[in-house]
Protein chains: 2
Amino acid sequence: MNREFYKLKTAVIKAIANPTRLMIIDCLREGEKTVSEIIEIIEDEQSNVSKNLGILKSQGLIKDRKAGLNVYYTLKICCINEFFCCLDNIISEKFKHQQNLINTLSNN
Amino acid sequence: MNREFYKLKTAVIKAIANPTRLMIIDCLREGEKTVSEIIEIIEDEQSNVSKNLGILKSQGLIKDRKAGLNVYYTLKICCINEFFCCLDNIISEKFKHQQNLINTLSNN
DNA sequence: AAACTATATGACTATATTGGAATATTATCA
DNA sequence: TGATAATATTCCAATATAGTCATATAGTTT
């Protein structure tokens, strides 16, 4: 097992392992957006959004296009839908499991 | 946008955003394994492997089964293959891009 | 050129995550 | 019961990451 390769993969995954960046990705799924538009949608600080866009870009997850004062960002990951679908399954499984625990406890 | 929901998702993603845990997941893709087997394959500290197994389990990504002194772990995520396939694409794109940059620079 | 607008960057503090060493727990076996 | 084996847990120092505030940059408009 090559630890270096796993670190590379980890860097990419870490880029999506953050609520702000997940929100950015989600709002880019609708299509290209400027930084201002993203800020308005996710209701966050300008500097924070900008910084997190930089992190996503540095990992090759989004790309940008400058036009005058604006910078337009787009998703570069085609497989993102499958991934989030998988994620939703995991989360609903988790909830189901917790709900079962709660039910079991309240029956005793 | 519901920040709490994004935090939940983030917790799951964070669970795979670590080299040791990625290695664990990869070696569980071959099938059920005991902790000792995992330790031997990924060549890591016992306490570290055990701890990271706990993190993966707490996020519903793996499950365990006790048998005598041993604990067997299995993957619970069916969609893991698609995800890693996607990840590999992103990484190879990144490398391609960096290679292009290097080529461009060395041609000047 | 000065004022303005959109975005990026830097410095900073708070918080989270990391892996290792030591120790605890639990089951098995003699 | 005492020794041993497999796994989990706790404590800790080092490092990484988060977001905020202030400032910088770069393009636009007047």
If only atom types and distance count, is the side chain of B/Arg3 paired as donor or acceptor with the main-chain N or O of A/Ile42 below 3.5 Å?
yes
Give the rounded distance in Å between these two atoms: CD1 of A/Ile13 and C1' of D/dT17.
17 Å
Report which part of the nucleic acid A/Tyr73 touches: base, sugar-phosphate, or nothing (heavy-atom distance under 4.0 Å, all strands).
sugar-phosphate
Please enumerate all protein N or O atoms sitting under 3.5 Å from an N or O of nucleotides 3-6 of chain D, with distances to 0.1 Å.
unit_1, atom_1, unit_2, atom_2, d
D/dA6, O3', B/Leu69, O, 3.4
D/dA6, O3', B/Asn70, OD1, 3.0

First encountered from the 5' end of DNA chain C, between A/Asp64 and A/Arg3:
A/Asp64
With a 4.5 Å limit on heavy-atom distance, are the side chains of B/Leu22 and B/Phe84 in contact?
yes
Distances for protein N/O vs nucleotides 13-17 of chain C N/O pairs under 3.5 angstrom?
none

Compile the donor-acceptor pairs under 3.5 Å between side chains in residues 6-15 of chain B and protein atoms, sequence neighbours left out, one pair per line.
unit_1, atom_1, unit_2, atom_2, d
B/Tyr6, OH, A/Asp26, OD2, 2.5
B/Lys9, NZ, A/Asp88, OD1, 3.2
B/Thr10, OG1, B/Tyr6, O, 2.6

Between C/dT7 (C1') and A/Lys33 (NZ): distance, integer Å:
18 Å
Heavy-atom contacts under 4.0 Å between residues 41-52 of chain A and DNA chain D, which residues?
A/Asp44, A/Glu45, A/Ser47, A/Asn48, A/Lys51, A/Asn52
Any heavy-atom pair between the side chains of A/Leu75 and A/Leu61 that's under 4.5 Å?
no
Quick one: B/Leu56 CG to C/dT18 P, roughly how many Å, whole number?
11 Å
Under a 4.5 Å side-chain heavy-atom rule over Ile, Leu, Val, Met, Phe, Trp and Tyr, are B/Ile39 and B/Ile41 clustered together?
yes
Give the rounded distance in Å between these two atoms: CD1 of A/Ile24 and P of C/dA8.
10 Å
The criterion is salt bridge (Lys or Arg N to Asp or Glu O under 4.0 Å); which residues satisfy it with B/Lys57, sequence neighbours excluded?
B/Asp64
Measuring only between side-chain heavy atoms, which start at C-beta, is A/Phe83 closer than 4.5 Å to A/Ile77?
no
Partners meeting disulfide (SG to SG under 2.5 Å) with B/Cys86 (sequence neighbours left out):
A/Cys79
Report yes if some heavy atom in the side chain of A/Leu28 is under 4.5 Å from a heavy atom in the side chain of A/Thr74; otherwise report no.
no
Would you say A/Gln59's side chain and A/Leu56's backbone share a donor-acceptor pair under 3.5 angstrom?
no
Check ion pair B/Lys76-A/Glu93 (N to O, under 4.0 angstrom):
no
Rounded distance (Å) that lies between atom P of C/dT5 and atom CD of A/Glu40
16 Å
